Amino acid sequence: RAYSIREKTNFTPSFIFYDIDGAVALRLRGYYPPYSFRAALKYVVEGFYKEEALQAYMERADPPGKFELEDLNSQLFFDKPPYALDRSRFKAEKPLIVFFEQKSCHACDILHTEPLGDPGVLDLIEKFQVVQLDIEADDPVLTPKGENLTARKWSKKLGISYAPVLVFFDQSGREIIRLDSVTGLHRLQGVMRYVLSGAYKKYPTYLAYRFGRIDAY
């Protein structure tokens, strides 16, 4: 337990790959489909982690087959553009969730049809500012730190190589936590409560919050 908290493995499954010298080569959080997981294994085994970031490596890999849906899933709670998310100068009233998604994304479809269809989740999500961005698009974004970037460049800067990823920011624009890949109903509700309650100020990781322990640090 102490080891997992120290390594900030908030969720299961989480994978930490070590090289032969004991240094961390790669961290994967959450579920990855077989194609992406095989690519990640090759990224470590063949030493590509020494030369480039995972997202750059994944972009060079042959993509898997596309699904039929050719657009993002829409929700009424998503803010419309322009995406002015700057919180560096003026503190916002609500915490922020940014949904990083992409077209033809089966995992995104699951997210929208299962946990995001629950009334309890919808009640909680109203307490956030919520934005949806396409990680492959060039839509302009004013980020929480006040940077002018495209959605594509911002997702790369955050190290996002797979969709969906939900990134939570506080009212001052600091990243609190992120949910990688497909997430279940109870996990999504738990993370939203972790953020809304301000528990992240006492418990630096969601795992520590769940266990009610901060002494692992």
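What you see is a predicted model; the values in this text were computed from it and never measured. When a residue number appears, it is its place in the shown sequence, counting from 1.
Leu196 and Tyr203 fall within the same hydrophobic cluster, where Ile, Leu, Val, Met, Phe, Trp and Tyr residues are linked whenever their side-chain heavy atoms come under 4.5 Å apart, directly or through other members. Taking hydrophobic clusters as Ile, Leu, Val, Met, Phe, Trp and Tyr residues chained together by side-chain heavy-atom distances below 4.5 Å, Phe37 shares a cluster with Leu54. Residues Leu41 and Val44 are members of one and the same hydrophobic cluster, defined by side-chain heavy-atom contacts under 4.5 angstrom among Ile, Leu, Val, Met, Phe, Trp and Tyr. Cluster membership check: Tyr43 does not share its hydrophobic cluster with Val45, using side-chain heavy-atom separations under 4.5 Å among Ile, Leu, Val, Met, Phe, Trp and Tyr. In the hydrophobic cluster analysis, where Ile, Leu, Val, Met, Phe, Trp and Tyr join through side-chain heavy atoms closer than 4.5 angstrom, Val24 is grouped apart from Leu26.
Partner Glu136 forms a side chain to side chain donor-acceptor pair (under 3.5 Å) with one of Arg152, Gln102, Lys103 and no other, that one being Gln102. Checked against Gln132 for a side chain to side chain donor-acceptor pair (under 3.5 Å), the options Gln75, Glu101, Lys80 give a single hit: Glu101. Just one of Asp118, Leu188, Val130 meets the side chain to side chain contact (heavy atoms under 4.5 Å, CB included) condition when paired with Ile125; it is Val130.
Aromatic pair Phe17/Tyr49: ring centres not closer than 6.0 Å.
Of all heavy-atom pairs between Leu207 and Ser4, the closest is CD2-OG, 3.1 Å. Contact between Ala151 and Val141 at its shortest, heavy atoms only, is N-CG2, 4.0 Å. Annotation for Tyr209 and Gly190: closest pair CE2-O, 4.3 Å, computed over non-hydrogen atoms. Shown here for Leu96 and Phe128, the closest heavy-atom pair between the two residues is N-CD2, 4.3 Å.
Note that NZ of Lys201 is 8.5 Å distant from CD1 of Ile176, once rounded to the nearest 0.5 Å. In this structure, Met192 CE and Gln189 CD are separated by 6.0 Å, a value rounded to the nearest 0.5 Å. We find the CG-CG distance between Leu142 and Asp86 to be 4.5 Å, quoted to the nearest 0.5 Å. Rounded to the nearest 0.5 Å, atoms OH (Tyr83) and CZ (Phe78) are 9.5 Å apart. If you take CG on Leu179 and CZ on Phe100, they are separated by 13.0 Å, rounding to the nearest 0.5 Å. The structure places SG of Cys108 at 10.5 Å from CG of Leu116, a figure rounded to the nearest 0.5 Å.
In terms of modelled atom types and a separation under 3.5 Å, the side chain of Asp170 and the main chain of Ser172 share a donor-acceptor contact. At least one donor-acceptor pair closer than 3.5 Å links the side chain of Arg27 to the backbone N or O of Glu7.
Within 6.0 Å of CD in Glu93 there are 12 or fewer heavy atoms belonging to other residues, nucleotides or ligands.
Side chains of Leu111 and Phe99 form a contact here, defined as non-hydrogen atoms less than 4.5 Å apart. Side-chain contact between Lys157 and Lys145 is absent, with no heavy-atom pair separated by less than 4.5 Å. The shortest side-chain heavy-atom distance between Pro95 and Gln171 falls under the 4.5 Å cut-off.
Relative orientation of the Tyr206 and Tyr194 rings is perpendicular, given thresholds of 30° and 60° on the angle between their planes. Classified by interplanar angle (parallel below 30°, tilted 30° to 60°, perpendicular above 60°), the ring pair Phe48/Tyr57 is tilted.
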Q.
Would Val165 and Leu158 count as a side-chain contact (heavy atoms from CB on, under 4.5 Å) here? Give the steps.
A. CA-CA 11 Å; Val165 175; Leu158 292 175; over 6 Å; no
- [ ] Under the ring-ring contact (aromatic ring centres under 6.0 Å, His included) rule, what do Phe168 and Tyr200 come out as? Steps first, then yes or no, please.
- [x] CA-CA 11 Å; Phe168 292 74; Tyr200 63 90; over 10 Å; no
Exercise for review: Go through the steps to decide whether Gln129 and Arg87 satisfy the test side-chain contact (heavy atoms from CB on, under 4.5 Å), and finish with yes or no.
Suggested key: CA-CA 12 Å; Gln129 179 185 4; Arg87 294 162 174 238; 2.8 Å; yes
Determine, step by step, whether Leu85 and Trp154 satisfy the side-chain contact (heavy atoms from CB on, under 4.5 Å) criterion, reporting the C-alpha distance in whole Å, the side-chain angles of both residues, the deciding distance to 0.1 Å, and the verdict. CA-CA 12 Å; Leu85 310 179; Trp154 190 30; 4.1 Å; yes
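In this view, Asp134 satisfies the side chain to side chain donor-acceptor pair (under 3.5 Å) rule with no residue, not counting sequence neighbours.
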